[in-house]
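Down below is the structure, laid out as structure tokens.
Note: hydrogens, waters and symmetry copies are ignored here, and every other heavy atom, side chains too, is used. Throughout, residue positions are numbered sequentially from 1 according to the sequence presented.
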Amino acid sequence: MVSNLYGRKDSRSVGAIAGFAVAIIFTWRLLRSPNGHQRQQPKRQMPAPSSSSVALNSNAEFISSGVCSSSEDSRAQNVVDEFFQPVKPTLGQVVRQKLSEGRKVTCRLLGIILEENSPEDLQKQATVRSSVLEVLLEITKYCDLYLMETVLDDESEKRVILALEDAGVFTSGGLVKDKVLFCSIENGRTSFVRQLEPDWHIDSNPEVISQLARFIKYQLHIAPMRHERTASNVFSSPSLEQFFGNI
């Protein structure tokens with residue numbers, strides 16, 4: 001009877017140990033799974049693609065790759081165009097090119113540098129044209145510039161010098177007051193130019209241009225209306241700044 005009692009106790013112990021082991025294994029598996037337990041989802045079988053869908057997909061991929069390739073080629077071409085785009089020359093470079101590297105220039109004042117158009121106007125006032133100022137200063141940097149005009153009295157001379165001074169023409173160092181010449185008749189300007197022998201003379205009087213054509217290397221005729229070239233060495237322009245493209 002005692003042995004039966006001990007046999008029952010041993011069987012209970014073995015059962016308890018086995019149950020405890022099963023609990024440990026179940027807990028270990030539970031902790032190992034990221035969601036506590038995993039269920040395998042049945043795999044969905046995709047239907048086999050038909051030939052038409054394969055063709056559409058192929059066309060879509062081809063078009064997409066073509067668009068991407070075209071876009072990339074366009075961006076690459078833009079980069080190349082920007083890299084090889086010619087650099088715009090400076091005003092100083094344009095001045096030297098237009099004047100053919102001429103080192104001495106003579107220029108009339110009325111209607112070219114000044115707003116006024118006649119000696120009579122200078123008896124009232126003298127005004128430097130603001131649009132021509134930048135070109136004028138560039139010319140003084142590279143050329144020996146002389147300005148000249150016909151005046152009717154000493155007061156007109158003073159007005160012209162004061163207007164040039166107020167505009168800052170003398171501050172650049174390329175032009176001094178002694179290079180602003182005055183005369184009482186138009187022929188006096190022609191004499192000035194012939195004595196100075198410039199590479200370029202700039203004037204608005206067609207008669208003066210005609211008289212100097214065979215003595216001066218180049219001339220620029222400033223006139224509102226374009227005239228026929230009287231000689232191969234005579235150019236024309238509505239204004240000095242337009243001749244150099246500075247408008």
Side-chain angles (χ1 to χ4, degrees), residues 85-118 121-122 126-150 160-161 163-181 186 189-190 192-194 196-247:
Q85 186 175 5
V87 179
K88 185 178 180 180
T90 63
L91 179 59
Q93 291 172 332
V94 173
V95 167
R96 283 182 289 178
Q97 180 182 6
K98 283 280 192 176
L99 295 180
S100 303
E101 300 295 336
R103 301 304 299 172
K104 184 182 287 188
V105 177
T106 55
C107 181
R108 184 183 188 182
L109 284 162
L110 283 173
I112 301 175
I113 307 301
L114 300 177
E115 296 281 1
E116 292 70 30
N117 294 296
S118 69
D121 292 338
L122 294 179
T127 309
V128 175
R129 299 176 64 243
S130 58
S131 59
V132 79
L133 189 58
E134 187 178 4
V135 169
L136 183 64
L137 293 176
E138 286 295 332
I139 294 175
T140 62
K141 291 179 182 178
Y142 302 104
C143 303
D144 187 15
L145 178 64
Y146 290 82
L147 301 178
M148 52 190 65
E149 191 48 66
T150 301
V160 171
I161 294 295
L164 293 172
E165 189 173 17
D166 290 343
V169 174
F170 301 123
T171 58
S172 64
L175 181 67
V176 296
K177 295 178 182 180
D178 291 340
K179 292 182 179 180
V180 182
L181 310 176
E186 289 286 275
R189 190 164 71 255
T190 302
F192 283 154
V193 174
R194 292 192 59 181
L196 291 169
E197 298 182 343
D199 299 300
W200 280 81
H201 176 62
I202 304 168
D203 212 294
S204 58
N205 189 326
E207 293 183 5
V208 172
I209 292 289
S210 179
Q211 292 172 8
L212 293 172
R214 59 194 181 96
F215 299 106
I216 306 303
K217 188 175 181 179
Y218 299 109
Q219 289 193 94
L220 176 59
H221 182 200
I222 302 298
M225 301 296 294
R226 185 176 294 275
H227 295 269
E228 292 185 3
R229 296 181 66 173
T230 56
S232 60
N233 63 336
V234 177
F235 301 86
S236 64
S237 176
S239 67
L240 185 60
E241 55 270 34
Q242 281 186 273
F243 180 69
F244 293 104
N246 188 43
I247 55 174

- Is it true that atom CD of Glu207 has more than 12 heavy atoms of other residues, nucleotides or ligands lying nearer than 6.0 Å? no
- Nearest heavy-atom pair of Cys107 and His201: which atoms, and what distance? N-ND1, 4.3 Å
- Query: How many angstroms lie between OG1 in Thr106 and CG in Leu147, if you round to the nearest 0.5 Å?
  - Reply: 9.5 Å
- Message: Against Phe244, only a single residue in Glu138, Lys98, Glu134, Gln97 fulfils side chain to side chain contact (heavy atoms under 4.5 Å, CB included); can you say which?
- Response: Lys98
- Item | Val128 vs Leu114 side-chain heavy atoms within contact, under 4.5 Å | yes
- Message: Can you confirm whether Ile113 sits close enough to Leu164 that some side-chain heavy atom of one is under 4.5 Å from a side-chain heavy atom of the other?
- Response: yes
- Please test Asn233 against Gln219 for side chain to side chain donor-acceptor pair (under 3.5 Å), starting from the C-alpha separation and ending with a verdict. CA-CA 6 Å; Asn233 63 336; Gln219 289 193 94; 5.7 Å; no
- Does the side chain of Val160 reach to within under 4.5 Å of the side chain of Glu149, using non-hydrogen atoms? no
- Query: Which pair of non-hydrogen atoms, one from Cys143 and one from Leu99, has the smallest distance, and what is that distance?
  - Reply: SG-CD1, 3.7 Å
- Heavy-atom neighbours of Arg129 CZ exceed 12 at 6.0 Å: yes
- How many angstroms lie between atom CE of Met148 and atom CZ of Arg189, to the nearest 0.5 angstrom? 8.5 Å
- Message: A side-chain contact here means heavy atoms from C-beta on lying under 4.5 Å apart; do Val105 and Asp144 qualify?
- Response: no
- Note on the structure: Scanning both residues in full, the closest heavy-atom pair of Ala126 with Ala163 reads O-CB, 3.4 Å
- Calculate, to the nearest 0.5 Å, the distance between atoms CZ and CG belonging to Phe170 and Leu175 respectively. 5.5 Å
- Spacing of CG belonging to Asn117 relative to CG belonging to Leu109, to within rounding of 0.5 Å: 12.0 Å
- For the residue pair Val132 and Ser239, establish whether any side-chain heavy-atom pair is separated by less than 4.5 Å. no
- Query: If you take all heavy atoms of Phe243 and Ser237, which pair is closest and at what distance?
  - Reply: N-OG, 3.3 Å
- Message: To the closest 0.5 Å, what do you measure between OG (Ser204) and CZ (Arg108)?
- Response: 4.0 Å
- Report the distance from atom OG of Ser130 to atom CD of Glu115, rounding to the nearest 0.5 Å. 7.0 Å
- Message: Taking Thr127's backbone N and O only, do any of them form a donor-acceptor pair with Glu116's side chain (distance below 3.5 Å, no angle check)?
- Response: yes
- Grab the two heavy atoms, one from Leu110 and one from Thr150, that are nearest each other, plus how far apart they are. CD1-O, 4.5 Å
- Message: Is any side-chain heavy atom of Leu220 closer than 4.5 Å to one of Ile209?
- Response: no
- Query: Tell me, do Leu181 and Leu196 make a side-chain contact under 4.5 Å, heavy atoms counted?
  - Reply: yes
- Close side-chain approach of Leu133 and Val169, heavy atoms under 4.5 Å: yes
- Note on the structure: In short, Ser131 meets Glu241 closest at the heavy-atom pair OG-OE2, 2.6 Å
- Thr90 side chain vs Gln93 backbone, donor-acceptor pair below 3.5 Å: yes
- Ignoring hydrogens and geometry, is there a side-chain-to-backbone donor-acceptor pair from Arg103 to Tyr142 under 3.5 Å? yes
